[in-house]
Amino acid sequence: EVTYNTIIHGFCLAGKMEDALSLLDKMEANGCYPNITTYTTLIDGFAKSRDLVGASEIWNEMISVGCRPNVVAYTCMIDAFCSNSMFNQAYDLLGTMERDKCSPNTVTFNVFIKGLCAKGRLDWAMELFDEMEKHGCTPNVTTYNEMLDGLFKVGNNRNAFELVTAMEQRGIKFNLVTYNTIIHGLCTCDKLEEALKLVGRMVIEGIKPDRFTFNTLIHSYSKQGKVESATRLLESMSKVGSHADIVAYTSLICGITEQNDLEAASVYIHRMISEGIFPN
RNA sequence: AUCGACAACCUUAG
């Protein structure tokens, strides 16, 4: 079963849900019984493909063969509802979990909060954020990162920075994503100097800026017309082990093009191609 | 009172 599960997981990651399903059929035909992991893998795959019908079909099959959903299965199904913006159904399922003596955990709430944040439903996300403690689920750094990102993206920088302060007070260690999220938030409101200060701070903390960090800054510099700085950043990436990728080049080239410097733009297009990165 | 191996959450351009 593990072998089947692993391959099914591979198909799900590739978004090839038809192949995943035919493998499920095959495993059943060969006398292998799908287990809870098989079902959660498939439900998660459908959730990520935003295919609620597919997810529900697996869910129903799981129930009909007498396989009891566990916390992962419920969480994946909540994810499926959330990716379809069906938050009321997701919330109902959260209630079902409690009744089913299958308590949600921090990941369950994180999935729900992520879905709400993705749709700008920060009001509801903040409620859940408060509510999860009452369910015995402590927000972790991922929870905070999701909330921060959501708050910045709806332009609620004030609450975002309050949350940053709260994290510091509660001793939540910032990770790479935390820094990248805040840096992105600062860049979005053109506070590039503040963003650079944070880069300095993360380095001091021993956290290496990655391509998300660089790309965010390159985009921001390009947008502000500071193409030289953007270029310098892109050039420096390889020195710290992050290879410039399609996002870095696209951001820089957009900036250069804004300046009507088409020759420079074509230089970078050729360079990215020579590095095996093809413009899309 | 679990041999081991498989499943769920966060950040970047367009």
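In this text the structure is predicted, and so the values were computed from the model without any measurement. Chain letters run A, B, ... following the sequence lines, proteins first and then strands; every chain starts at 1.
The distance from atom CG of Leu252(A) to atom C1' of rA13(B) is 11 Å, rounded to the nearest whole Å. Per the geometry, CG belonging to Leu176(A) stands 12 Å off P belonging to rU11(B), to the nearest Å. Here the P atom of nucleotide rA13(B) and the CD1 atom of Ile246(A) are 14 Å apart, to the nearest Å. Rounded to whole Å, atom P of rA8(B) lies 11 Å from atom NZ of Lys114(A). Across the protein-nucleic acid pair, Tyr144(A) atom OH and rC9(B) atom P stand 21 Å apart, rounded to whole Å. Residue Asn140(A) contributes atom CG, which lies 13 Å from atom C1' of rA8(B) at whole-angstrom precision. Nucleotide rA8(B) holds its P atom 13 Å from the CG atom of Asn105(A), rounded to whole Å. Counting to the nearest Å, the C1' atom of rA13(B) and the CG atom of Leu217(A) are 13 Å from each other.
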Could you run through nucleotides 2-7 of chain B and give me one letter per nucleotide, 5' to 3': B if any protein heavy atom sits under 4.0 Å from the base, S if only the sugar-phosphate is that close, - if neither? ---BBB
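At a threshold of 4.0 angstrom between heavy atoms, the contacts of Asp149(A) are confined to the sugar-phosphate backbone, with no base atom among them. Heavy atoms of Asp245(A) sit nowhere under 4.0 angstrom from any nucleic acid atom. The residue Thr250(A) sits close to a base: some heavy atom pair falls under 4.0 Å. Contacts of Thr75(A) with the nucleic acid, taken as non-hydrogen atoms under 4.0 Å apart, include base atoms. Residue Lys223(A) is classed as having no contact, given no heavy-atom separation below 4.0 Å to the nucleic acid.
With hydrogens and angles ignored, the 3.5 Å screen pairs a side-chain donor or acceptor of Ser236(A) with a backbone N or O of Leu233(A).
Counting only N and O atoms by type, the side chains of Thr41(A) and Asp44(A) include no donor and acceptor under 3.5 Å apart.
For Asn110(A) against rA8(B), no side-chain N or O and base N or O form a donor-acceptor pair under 3.5 Å.
Each of Tyr39(A), Phe46(A), Tyr74(A) was checked for a ring-ring contact (aromatic ring centres under 6.0 Å, His included) with Trp59(A), and the lone residue meeting it is Tyr74(A).
Within the structure, ring pair (Phe, Tyr, Trp, His ring centres under 6.0 Å) pairs that include any residue of residues 147-184 of chain A comprise Phe152(A)-Phe161(A), Phe174(A)-Tyr179(A) (at least two apart or interchain).
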Please tabulate, one pair per line, all N/O donor-acceptor pairs under 3.5 Å involving side-chain atoms of residues 257-265 of chain A, not counting sequence neighbours.
from: Thr257(A); atom 1: OG1; to: Ile253(A); atom 2: O; distance (Å): 2.6
from: Asp261(A); atom 1: OD1; to: Ala264(A); atom 2: N; distance (Å): 3.2

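The side chain of Val111(A) lies closest to rA8(B) when the candidates are rC10(B), rA8(B), rU12(B).
What you find for Ser222(A) and Leu252(A) is that their closest heavy atoms are OG-CA, 3.5 Å.
Within 6.0 Å of CZ in Arg50(A) there are 12 or fewer heavy atoms belonging to other residues, nucleotides or ligands.
One finds no side-chain N or O of Lys153(A) lying less than 4.0 angstrom from the OP1 or OP2 phosphate oxygen of rC10(B).
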